[in-house]
Amino acid sequence: MTCRIIPRLDIKGPNLVKGIHLEGLRILGKPEAFAKHYYEQGADELIYMDIVASLYERNSLAELISTTAQKIFIPLTVGGGLRSIKDIETVLGAGADKVAINTAAIRNPDFIKEAAEKYGSSTIIVSIEAIKKSNGSYEAFTDNGREETGLDVFEWAKQAAALGAGEILITSVDREGTGFGFDLPLVKKMSESVSIPVIALGGGGSVEHIHEVITKGKADAVSIASLLHYDFIRNHDMLKADYSDEGNIDYLKSGKPFSNIQPLSMKEIKRFLINTDVACRPVEV
Amino acid sequence: MKEQLEAKYGLPKEVKFCKRCVMSNQRPASAIEFKHTITSKKTTLHFDQEEICDACRVAEQKEKIDWKKREEQLLALLEKHRRNDGHYDCIVPGSGGKDSGLQAHILKYKYGMNPLTITWPPILYTEYGYHNFKNWLDIGGFDNISFYRNGKIMKLLTKLSIENLLHPFQTFILGQKNLAPKIALNYDIPLIFYGENEAEYGNPIADNNISLRDKSYFAMKNLKDIFLGGVCINELMEKYGIPLNDLMSFLPAGVSELEKSNIEVHYLGYYLKWTPQEAYYYSAENTGFKARPFRTQGTYSKYNSIDDKIDDLHYYTTYIKFGIGRATYDASQEIRNHHLTRDEGKILVKRFDGEFPDKYFSEIMAYIEMEPDYFIKLCDNFRSPHLWKKQNGEWKLRHTVNLDGTDDL
Amino acid sequence: MHSNKKIAIINYGVGNLFSVKQACETFGMTGVITSSPEMIETCDAVILPGVGAFGSAMQSLEKNCLVPVIKKAAYSGKPFLGICLGMQLLLEKSHEFGLFDGLGIIKGEVIRFKQDKGPSQKMLRIPHIGWNRIEPPLNRTWNNSYLKTVPARSFMYFVHSYYAVPDDPDIILSNTIYGEQKFCSSFQYENILGCQFHPEKSGSIGLEIYKTLASELDSHGSI
C-alpha cells in the first residue's frame with residue numbers, strides 16, 4: 001500500500017502561516033497558491049487547518065475550501081474549531097472530503113460516534129496533539145498545544161478508534177516546525193495502538209526524516225508543512241500578494257531561509273522515496 | 001451624579017483604550033525600581049489627540065525608519081568595540097529567552113562579536129525555562145556568567161515587594177537591570193546590549209530616538225534615597241536586620257563609578273527591526289528555544305517570558321493594580337506588529353485577561369511563606385476604586401476594551 | 001466547451017457532492033445536485049455518489065423515494081456512475097453493520113476487508129485509505145469502457161472498508177490489491193460503471209473518466 005504524503009496548510013484568515021510548536025504567526029503566503037502548487041506537484045491529499053478557529057470561536061474557511069475544490073481534485077481534509085455536526089456539515093458541503101476534530105472530540109467523545117454514523121468513519125479524522133512529559137509519557141492537548149487534557153495519547157487514540165474515527169492524525173507539538181525530525185517512538189507506538197490509518201505530523205526537516213517515519217515509525221501517511229512551504233517560497237515571489245488586511249510579512253521581506261529545514265519539493269520527496277523502495281504514488285509526468 | 005472615585009498610584013481618573021491596540025491609558029511606564037514606594041505616582045502611557053497610544057505611534061514610526069542606515073550605525077558601533085584578542089567585547093544580559101537568544105546569536109554569528117552573556121536568574125525557574133537557558137549556551141554556544149543572588153535576602157525582598165507594592169517581580173527587575181553595568185565595570189567590557197527598547201511598550205517616546213539607555217535607570221546617588229521592596233534601605237537594615245553588604249547585589253552601581261567608566265548601553269532594537277515573534281522563531285531555530293508546553297495563564301501565547309514561575313503572578317498583579325492583564329499586553333504588542341487585528345485582540349482580552357495563575361501559585365506562596373488567603377486579601381487593598389467595583393460579592397472592572405465593564409453598560 | 005448535458009448527482013445526504021459537480025463542470029457538463037426524482041429523470045446521465053454506511057444510505061434512498069428513479073435510470077441505458085458507496089449500493093446486499101438489501105441492479109454482495117497482519121506484522125489498516133493501483137483482469141482491456149483513456153495500473157484514490165464482489169466476473173473492469181486481498185475496484189455492465197475509488201479525487205487520471213463521460217455524451221449519448 002502506498003504511503004500518502006500530505007501537505008498541511010495552517011491558515012489564519014487570508015494567510016498561510018507557519019509556526020513552531022504550534023505557536024507563532026509567521027506568514028509565508030496565500031494558501032491558494034500553495035495548494036495549487038502542491039496539487040500539481042503530486043500531493044496525495046491536502047490538509048487545511050484553521051489555526052485560530054478555536055481561539056476566536058469562528059469558522060472561516062468555507063470560501064477557501066470551495067475555491068480549492070473547484071480546481072483541485074485530490075482529497076481535502078479540513079480542521080480547526082469544528083465543534084458541532086453543523087460545523088462539519090458546512091465544511092463538507094463547501095467541498096471538503098474529511099474533517100479533523102480535536103477539542104470537540106475530547107470534550108465529548110460521543111461526538112466522534114455521532115459524526116462517524118452520520119458521515120461515515122472514513123470522513124472523520126481525530127487529530128491528537130501530543131506533548132511529551134518529563135516521565136516519558138505523552139499527553140494530549142487541544143487548542144494548538146495550549147490546553148492540557150490529562151489524557152494519554154495512546155489510550156485516547158484507542159478510544160477514538162473504538163468510537164468510529166477513520167484515521168488518527170498524530171502531531172508532535174515538541175517537534176512541530178523545528179525540522180528536527182519526527183518523534184519516532186510516538187508515531188510507532190501510535191501505529192501499534194490502533195488498526196486505523198495513522199498520519200504522522202511534526203518535525204519533518206529532511207527527506208530522510210520522512211523515510212524514517214514511514215519505515216521505522218510505521219506511519220501510513222506523512223503530513224509535512226515547513227519542508228514544503230519553505231521550498232515553495234524560495235522559488236516563488238509571495239510578496240506580490242495583498243497583505244494589507246492583516247499579517248506581518250517581515251519574514252517574507254527578509255528573504256531569509258530557515259536553516260533547520262532542508263526545503264524540498266513534493267517531486268523530490270517522492271523520487272527519493274521511490275528510489276529507496278518506499279511505496280508511494282509517483283508524480284504524474 | 002457620577003461618584004468621585006479615587007484613582008490610586010496617580011493613575012488617570014478616566015479610563016481610555018487605545019483605538020488601535022487594546023492597551024489602556026492606565027499602563028505605567030517602567031519605574032525606577034529603587035525609588036519605588038507605595039506612594040510613588042506612576043507615569044502612564046500617553047494617548048494623543050486621536051486616542052492612539054505612544055506605543056502604537058512608535059510602531060508606526062518603525063515602518064518608516066531606514067533600517068539599512070540603522071544597521072550601518074550598528075556596524076560602526078561594533079567596529080569600535082570588536083576585539084580579536086580573545087577578550088569579550090560586549091555583554092548580552094538575558095536568561096535564554098527568545099530575546100537574549102536572538103541578541104547573543106546575531107551579535108556573535110552575524111556580526112562577529114565576542115559576547116559574554118550574563119544572567120540574573122529567574123526567581124523560580126520553570127523546568128522548560130531552565131532547559132531553554134541551557135540550550136542557549138549549549139546549542140547557541142556562548143560563555144555565561146550567572147549571578148546567583150543571596151537566596152535568603154531574595155526571598156525576603158520578594159515578600160516585601162509583594163506586601164508593600166504588590167509587585168512580585170521587583171527583585172528580578174532590579175537584578176536584571178543592575179547586573180550588566182556591574183559586570184561591565186568589573187570585566188572591562190564597556191558595551192552592553194539589551195533587546196527591545198522599552199519605548200516600544202510606551203515608555204516616554206523621546207527615549208527611542210537615542211539608543212543609549214537612560215542612565216537614571218540604573219545609577220544611584222545616595223543610599224538614603226533607595227527603596228527595595230518599597231522599604232527604604234535604612235529601615236531594611238534596622239527593622240529587618242539586613243546588613244548593607246547583603247543588599248548590594250540588588251543595588252545599582254554607583255553613579256560616580258559609572259561616570260568614570262565608558263560603559264555604553266544600547267538597544268539592539270534601535271538598530272535592527274525587532275518583532276517579538278520573529279525573535280521567537282530565530283531563537284527556536286538557533287539557540288534551541290522551545291515554547292512553553294501549555295498556554296501561559298492570563299494570556300493566549302506560549303513564547304513570551306516563560307522561565308519564571310512568578311512572572312504569571314506578576315501579570316495578575318498588573319491586572320489588579322492597573323486593570324491590565326497579560327492578554328492585553330500580548331495582544332497589544334501583536335496588534336502593533338500586525339499579527340492580529342484589534343477585533344481579535346479584544347476577543348483574546350475578554351477570554352484570558354485576569355485569569356488567575358493557579359498553576360504555580362501555591363508554590364510561590366510556600367516560597368515566600370505567605371498564606372494564600374492573605375495574598376488574595378492583599379490584592380483587594382491594591383484595587384483602585386476608579387477601576388474596580390464589587391458586584392454580588394465579585395470584583396469586576398468598571399471599564400474594559402470590550403465595553404462590558406460595570407460602568408460601560 | 002459547454003455541452004449542456006445535465007448530469008444528475010444524487011443527493012441523499014452523504015458524500016462530497018461539490019467535487020463531483022466540479023469534475024463534471026471541468027468538462028463542460030452541468031452537474032445538478034438533486035434529490036428530486038423528476039429532475040433526475042430529465043438528466044442525460046446519473047451519478048450515485050456516497051460515503052458512509054450501507055444500511056443508512058439505503059434507508060435514506062428509500063425515505064427520499066429515490067429507489068425507483070435510480071433503477072429506471074440504470075436500466076434506461078443512459079450513462080450511470082456509482083462511486084464508492086454508490087457502487088456498493090448497486091449490488092444485492094451488504095454485510096456492513098448487519099445484512100442489508102441493496103438496489104440489486106448488479107448481482108453480488110458487499111463484504112469487509114479481512115483484518116490480517118501483513119508481512120511487516122503491522123495490522124492491515126481498515127478503512128483502506130489512500131492511492132492504490134487499478135489493473136485490468138487478465139485478457140481484458142479498457143478500450144470501449146469508461147476507463148479507455150486511463151493507463152493500466154494507474155493509481156486512484158480509495159477510502160472504504162467494504163468492497164463489492166459481483167457474481168459475474170466478466171463485468172469486472174479492474175482489480176486492486178490491498179494487503180494480500182484482491183478486490184474488484186471497478187466494474188462496468190453496459191451503461192453502468194461502478195468505481196470503488198473516487199474519480200473526482202484521483203487527480204488528473206481520475207478526471208479522465210469524467211472526460212470520457214463528457215465526450216461520449218457529446219457524441220452519442222451513451223457508452
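To find a chain, count down the sequence lines: A is the first, B the second, and so on, and within it residues start at 1.
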Checklist entry - Is there a side-chain contact (heavy atoms from CB on, under 4.5 Å) between C:Phe158 and A:Met1 once you walk through the steps? => result CA-CA 11 Å; C:Phe158 290 85; A:Met1 181 57 187; 6.0 Å; no
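- For the set A:Ser121, A:Gly120, A:Ala94, the count of heavy-atom pairs under 4.5 angstrom toward chain C peaks at A:Ala94.
- In this structure a side-chain-to-backbone donor-acceptor pair under 3.5 Å is present from C:Trp131 to A:Asp44.
- A:Ser195 is not listed as a side-chain neighbour of C:Ile126, based on a closest heavy-atom distance of 4.5 Å or more.
- Closest approach of A:Gly95 and C:Asn16 over heavy atoms only: O-ND2, 2.9 Å.
- Heavy atoms of A:Ala221 lying under 4.5 Å from chain C are absent altogether.
- A pairwise comparison of heavy atoms in A:Pro197 and C:Ile129 identifies CG-CD1, 4.0 Å as the closest pair.
- Within the 4.5 Å cutoff, the side chain of C:Phe155 has heavy atoms near those of the A:Thr2 side chain.
- In this structure, OG on C:Ser56 lies 12.5 Å from OH on A:Tyr119, to the nearest 0.5 angstrom.
- A side-chain N or O of A:Ser191 and one of C:Arg125 form a donor-acceptor pair less than 3.5 Å apart.
- At a 4.5 Å heavy-atom cutoff, the contact between A:Lys98 and chain C is made by side-chain atoms alone.
- With rounding to the nearest 0.5 Å, the separation of OG in C:Ser202 from CZ in A:Arg281 is 8.0 Å.
- Open room surrounds NZ on C:Lys211; 12 or fewer heavy atoms of other groups in view lie less than 6.0 Å from it.
- A side chain to side chain contact (heavy atoms under 4.5 Å, CB included) with A:Phe73 is found for exactly one of C:Gln22, C:Lys201, C:His198, namely C:Gln22.
- Of the atoms belonging to A:Ile196, heavy atoms from both backbone and side chain fall under 4.5 Å from chain C.
- Residue contact with chain C, scored on non-hydrogen atoms closer than 4.5 Å, is absent for A:Glu89.
- The two residues C:Ser204 and A:Tyr39 have their closest heavy-atom pair at N-OH, 3.8 Å.
- Contacts with chain C were tallied for A:Thr123, A:Val198, A:Asp220, A:Leu76; A:Asp220 has the most, counting heavy-atom pairs under 4.5 Å.
- Neither the backbone nor the side chain of C:Glu25 comes within contact range of chain A; no heavy atoms are under 4.5 Å apart.
- Neither the backbone nor the side chain of C:His160 comes within contact range of chain A, judged by heavy atoms closer than 4.5 Å.
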